Amino acid sequence: QLQLVESGGGLVQPGGSLRLSCAASTFTLDLYTIGWFRQAPGKEHEGVSCISSGDGSTYYADSVKGRFTISRDNAKNTVYLQMNSLKPEDTAVYYCAAGTVVAGDAPLYEYDYWGQGTQVTVSS
């Protein structure tokens with residue numbers, strides 16, 4: 001179900017940074033595992049990162065490890081994805097998803113809610 005709103009995407013040069021936000025108005029995100037996924041044209045959804053409820057443990061795909069950071073601001077009911085050292089291959093539509101799953105590499109279909117996505121383009 002479309003219950004989340006992503007923002008913060010845009011055009012950035014290689015090596016630049018963006019911070020994506022994921023927000024919900026109908027429920028509190030701190031009760032859910034939040035995952036970030038991305039989809040490039042003609043490609044399948046790729047899991048990028050997730051942060052669990054409770055202890056807030058995090059997971060990162062090998063392709064973004066060391067460059068991306070996922071975090072929560074519970075007071076703002078928002079989850080962020082800080083993306084640094086961006087590469088052209090990071091270009092995609094980025095989606096956030098919320099669910100009760102706890103596995104860091106859980107596929108998108110195991111989540112309960114998702115958003116429309118925000119476009120990230122990395123190009124010189």
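Just so you know, these numbers use all the heavy atoms, side chains as well, and skip hydrogens, waters and symmetry mates. None of these values were measured; they are calculated from a predicted model.
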field: side-chain contact (heavy atoms from CB on, under 4.5 Å) between T78 and S21, intermediate numbers included
entry: CA-CA 7 Å; T78 301; S21 299; 4.0 Å; yes
For the backbone of [Y] and the side chain of [X], can you confirm whether one donor and one acceptor N or O come within less than 3.5 Å of each other?
X   : Y    : answer
T91 : T121 : no
T33 : V101 : yes
R67 : S85  : yes
N77 : A24  : yes
E6  : C22  : no

Quick check: closest heavy atoms across [X] and [Y], and the distance to 0.1 Å?
X    : Y    : result
D112 : G99  : OD2-CA, 3.5 Å
P14  : S124 : CD-N, 3.7 Å
G47  : F37  : CA-CD2, 3.5 Å

Distance from [X] atom [atom1] to [Y] atom [atom2], nearest 0.5 Å?
X    : Y   : atom1 : atom2 : value
S52  : R72 : OG    : CZ    : 7.0 Å
L108 : Q39 : CG    : CD    : 9.0 Å
Q82  : S49 : CD    : OG    : 12.0 Å

message: Using a strict threshold of under 4.0 Å (side-chain N to carboxylate O), is an ion pair present between K87 and D90?
response: no
task: Please examine the side chains of Q116 and V5, heavy atoms only from C-beta on, and report whether any two atoms are closer than 4.5 Å.
output: no
- prompt: Got a sec, which hydrophobics cluster with Y60, joining ILVMFWY side chains under 4.5 Å apart, including via others?
  reply: L4, V12, L18, L20, F27, L29, L31, Y32, I34, W36, V48, I51, V64, F68, I70, V79, L81, M83, L86, Y94, Y113, V120, V122
query: Could you go step by step and tell me if N74 and K76 meet the side-chain contact (heavy atoms from CB on, under 4.5 Å) rule?
result: CA-CA 5 Å; N74 290 332; K76 297 181 179 179; over 6 Å; no
Worked check of side-chain contact (heavy atoms from CB on, under 4.5 Å) between R38 and S63: CA-CA 12 Å; R38 65 187 181 186; S63 59; 3.5 Å; yes
- prompt: Between the side chains of S17 and N84, does any donor sit under 3.5 Å from an acceptor?
  reply: yes
task: Would you kindly say whether Q3 and T26 are connected by a side-chain donor-acceptor distance under 3.5 Å?
output: yes
message: Are more than 12 heavy atoms, taken from residues, nucleotides or ligands other than E44, located less than 6.0 Å from that residue's CD atom?
response: no
